[in-house]
Amino acid sequence: MQGTRTKDFWAGVVYAGFGLATMVLARDLPMGSAARMGAGYFPTMLGGLLAAIGLAAMLRGLRNPGEAVPRIHIRPAVLVIGATFFFAATLGYLGLAVALPTAILIAAAASRSFRLAPAPLLGLLGFTAFCVLVFLRGLGVPMPMIGTWFGG
Amino acid sequence: MDILSDLLLGAQTAFSFSNLAYCLLGVFLGTAIGVLPGLGPTATIAMLLPVTFGLAPETALIMLAGIFYGAQYGGSTTAILVNLPGESSSVVTALDGYQMARKGQAGKALATAAIGSFVAGSIATVLITFFAPMLSHIALAFGPHEYFSLMVLGLMASVVLASGSLLHAVGMIILGLILGLIGTDTNSGEMRFTFGMFELADGISFVIVAMGVFGLGEILSNLEDETERSTVKARITGLMPRREDFRRMMAPVLRGTGIGAVLGILPGGGAMLASFAAYALEKKVSHHPEQFGNGAIEGVAGPESANNAGAQTSFIPMLTLGIPSNPVMALMIGALIMQGIQPGPSVIQEQPVLFWGLIVSMWVGNLMLLVLNLPLIGLWVKMISIPYRYLYPCIVAFCMIGVFSLNNASFDIWLMGLFGIAGYLLRKLDCEPAPLLLGFVLGPMLEEHLRRAMLVSKGDATAFLTRPISAVLLLVALLMVVSILAPAVRAKRAEAFVEDE
């Protein structure tokens, strides 16, 4: 397998993209001289290097045989990462006592063997209580237990 | 003897009640996460870092170190009983350990692993005691040029010794270096790559990167193939090896310790490479190579000693040079910085309590592990049978709360989620996240030393080559890269990692 569907090619795209973006963004920073480097000197160097590596990887992907990019499993990614985003977005409104178990449920739904049953739900309640006790009461992490939507 | 008084100081520190307690907690947690497949020390240490900020620096490091080498012990238990590596470094232990377990020798295999690890850990601790101060003494003479070259060497070595493509590993390092530059430039106060977000002004905490890329990214990879695990159901008996077993494992343990100790010091080597190398060596020197893969006790003793010795000696470059040889050490450096300690050769002089306390605690921790592990084996077996579908949502929860507690900001949770996606996608492209984290931690230091060096030599880049130590370091780095491109080494390296698949 060679061409635009190889791992090499796409890794190269990522590197080249990041490298070029770094160089473009660093243009607003003072370069300084080699003896007195400004804030933009080192990032521009690194960006150029990364872009070059990216191009090399893209070329290698196009010309040499390599493995194709394996299937990306969308569902678990959306659910697990979505759970963290949900938690970040609603923590203030729902509070830890509601936002945490909900986020955990969302994340848990990513498993193929996920189903709602009394025992795991009980475990979830226990785990939430454990987190509230350890992190809020014990370690004093300043998270609201009850969110603003519930008058907290 | 200076060393005696230093060790005495270390003993006083390590044997204080709270440090003993945290050491125990560390090795216990370490064993637990080592036993659990799909949860590694990098993610765990990242999760627990925020909790340790309130502790004294030595106590925090003693606990975090305990998690790291404890995980090496725990990983072998899962490898032997379930034929799954609980820890990446126990991949090879599974080869012969599981075969021993199937023949009803699970107890003997577990005991071999534990005793081998203990012996290796003890010897490695002695090595650190003697070599770390020496190395830091040499490093005190280093100027910015030498530091810059040393870091380049470290980063290059981590590339050469890692599996996978050279190009990708270098790319990941540079990507990490760039990400590490986000935030306020310490020299000029200029904001870099913050997109006007004040949350980014202090840069991105490496904890966020580690939790996202390792914690969440690993979960996403694991969710792709959820397989039910079957433990060896038979009762585990015969934990105590017989005298002839001791005789058979002594030489492999010592050889494994030697290999592990050397490879642990090298950047990027660490525990995993050490166990592979030790297995290969045992197979080569054995009179009965056909027994390997069918339950050879040497195949358990060698690699298990090697990975524990490697785990321990990887502290040497971290403590003496401030250079991480693996992602866990990168986290340790972060922990030191957060405690207000600048990692580097002066740590031994300025923080003797921390340094010697940590060393003595390693030996104490290894003893604890030996005592803890064998009698508690029933507990660990129960733990292995926890299904992953219950485990990973809890990991997600700990990651979210842990990241929030860094700055008490939800913003960091968003960032962690983004790094989680990035970690998963990069893994899909065969881009290993470990070099990224190394680069991320070293980025600001590398820039700082480069700037200072160029200022000292008035913009003359050849100074890196005219200063002898710096030139040698760069030459070694170059040789490493050239060697990997040489066809002979390339074939050898591919062979070494083939068993990894």
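Proteins get letters first, then strands, A, B, ... in listed order; numbering begins at 1 in each.
Only the backbone of A/R71 comes within contact range of chain B, judged by heavy atoms closer than 4.5 Å. Contact of B/K428 with chain A is made through backbone and side chain together, with heavy-atom distances under 4.5 Å. Using a 4.5 Å cut-off between heavy atoms, B/I173 does not touch chain A at all. Of the atoms belonging to B/V403, not a single heavy atom falls under 4.5 Å from chain A. For A/L25, the parts lying near chain B are the backbone and the side chain together; criterion is any non-hydrogen pair under 4.5 Å. The contact between B/L220 and chain A is made entirely by side chain atoms (from C-beta outward), counting heavy-atom distances below 4.5 Å. Looking at B/F398, only its side chain comes within 4.5 Å of chain A, counting heavy atoms on both sides. Interface residue A/F18: only side-chain heavy atoms are found under 4.5 Å from chain B. With a threshold of 4.5 angstrom between heavy atoms, A/A51 does not approach chain B through any atom at all. There is no contact between A/A21 and chain B, counting heavy-atom distances below 4.5 Å. Looking at B/M191, only its backbone comes within 4.5 Å of chain A, counting heavy atoms on both sides. For A/A26, the parts sitting under 4.5 Å from any heavy atom of chain B are the backbone and the side chain alike. Interface remark: A/A103 contributes side-chain atoms only to the contact with chain B (heavy atom separation under 4.5 Å). Only the side chain of A/L100 has a heavy atom closer than 4.5 Å to any heavy atom of chain B. Heavy atoms of A/L46 lying under 4.5 Å from chain B belong to its backbone as well as its side chain. Within the 4.5 angstrom heavy-atom criterion, no atom of B/C399 approaches chain A. The contact between B/L216 and chain A is made entirely by side chain atoms (from C-beta outward), counting heavy-atom distances below 4.5 Å. Proximity to chain B (any heavy atom under 4.5 Å) is shown, for A/F86, by neither the backbone nor the side chain.
Of the possible polar contacts, one joining the A/T6 side chain to the A/F9 backbone as a donor-acceptor pair under 3.5 Å is found. The main-chain N or O of A/T4 is found under 3.5 Å from a side-chain atom of A/W10 such that the two form a donor-acceptor pair. Under the 3.5 Å distance criterion, the side-chain polar atoms of A/Y15 are matched with a main-chain donor or acceptor of B/H168. A/R5 contributes no side-chain N or O that, together with a main-chain N or O of A/E67, makes up a donor-acceptor pair within less than 3.5 Å. With hydrogens and angles disregarded, no donor-acceptor distance shorter than 3.5 Å links the side chain of B/N407 to the backbone of B/A409. Under the 3.5 Å distance criterion, the side-chain polar atoms of A/S111 are matched with a main-chain donor or acceptor of A/S113. Without hydrogens or angle criteria, A/R63 side chain to A/M58 main chain gives no donor-acceptor distance under 3.5 Å. Formation of a donor-acceptor pair under 3.5 Å by the A/R112 side chain with backbone atoms of B/E224 is found in this model.
Counting heavy-atom pairs under 4.5 Å between each of B/I401, B/L181, B/L177 and chain A puts B/I401 at the top. Between chain A and the options B/D185, B/L223, B/L167, heavy-atom pairs under 4.5 Å are most frequent for B/L167. Each of B/A397, B/P50, B/G443, B/S188 has some count of heavy-atom pairs under 4.5 Å with chain A, and the biggest count is that of B/A397. Your options are A/A39, A/A107, A/A34, and the one with the most heavy-atom pairs under 4.5 Å with chain B is A/A39. The residue among A/A56, A/G82, A/A35, A/S33 with the most heavy atom pairs within less than 4.5 Å of chain B is A/A35. Looking only at heavy-atom pairs under 4.5 Å with chain A, the residue among B/S410, B/G402, B/G417, B/G420 that has the most is B/G417. Comparing A/G19, A/P30, A/G140 by heavy-atom pairs within less than 4.5 Å of chain B, the highest count is held by A/P30. Considering only heavy-atom pairs separated by less than 4.5 Å from chain A, the leading option among B/V170, B/V396, B/I413 is B/I413. Interface remark: of the candidates A/V14, A/D8, A/L91, A/D8 forms the most heavy-atom pairs closer than 4.5 Å to chain B. Ranking B/G189, B/G171, B/S405, B/G54 against chain A, the residue ahead of the rest is B/G171, based on heavy-atom pairs under 4.5 Å.
Only one option out of B/F214, B/Y388, B/Y424 pairs with B/I219 in a side-chain contact (heavy atoms from CB on, under 4.5 Å); it is B/Y388. Applying side-chain contact (heavy atoms from CB on, under 4.5 Å) to A/F87 and the options A/T102, A/L96, A/I104 leaves one that passes, A/L96.
Two rings, from B/H449 and B/F148, have their centers 6.0 Å or more apart.
Residues A/P144 and A/G92 come closest through the heavy atom pair CG-CA, 4.3 Å.
The shortest side-chain heavy-atom distance between B/E448 and B/T186 falls under the 4.5 Å cut-off. Residues B/F193 and A/P43 are in side-chain contact: their nearest non-hydrogen atoms beyond the backbone lie under 4.5 Å apart. For the pair B/H145 and B/V456, the minimum side-chain heavy-atom distance is below 4.5 Å.
No side-chain donor from either of B/N222 and B/Y392 sits under 3.5 Å from a side-chain acceptor of the other.
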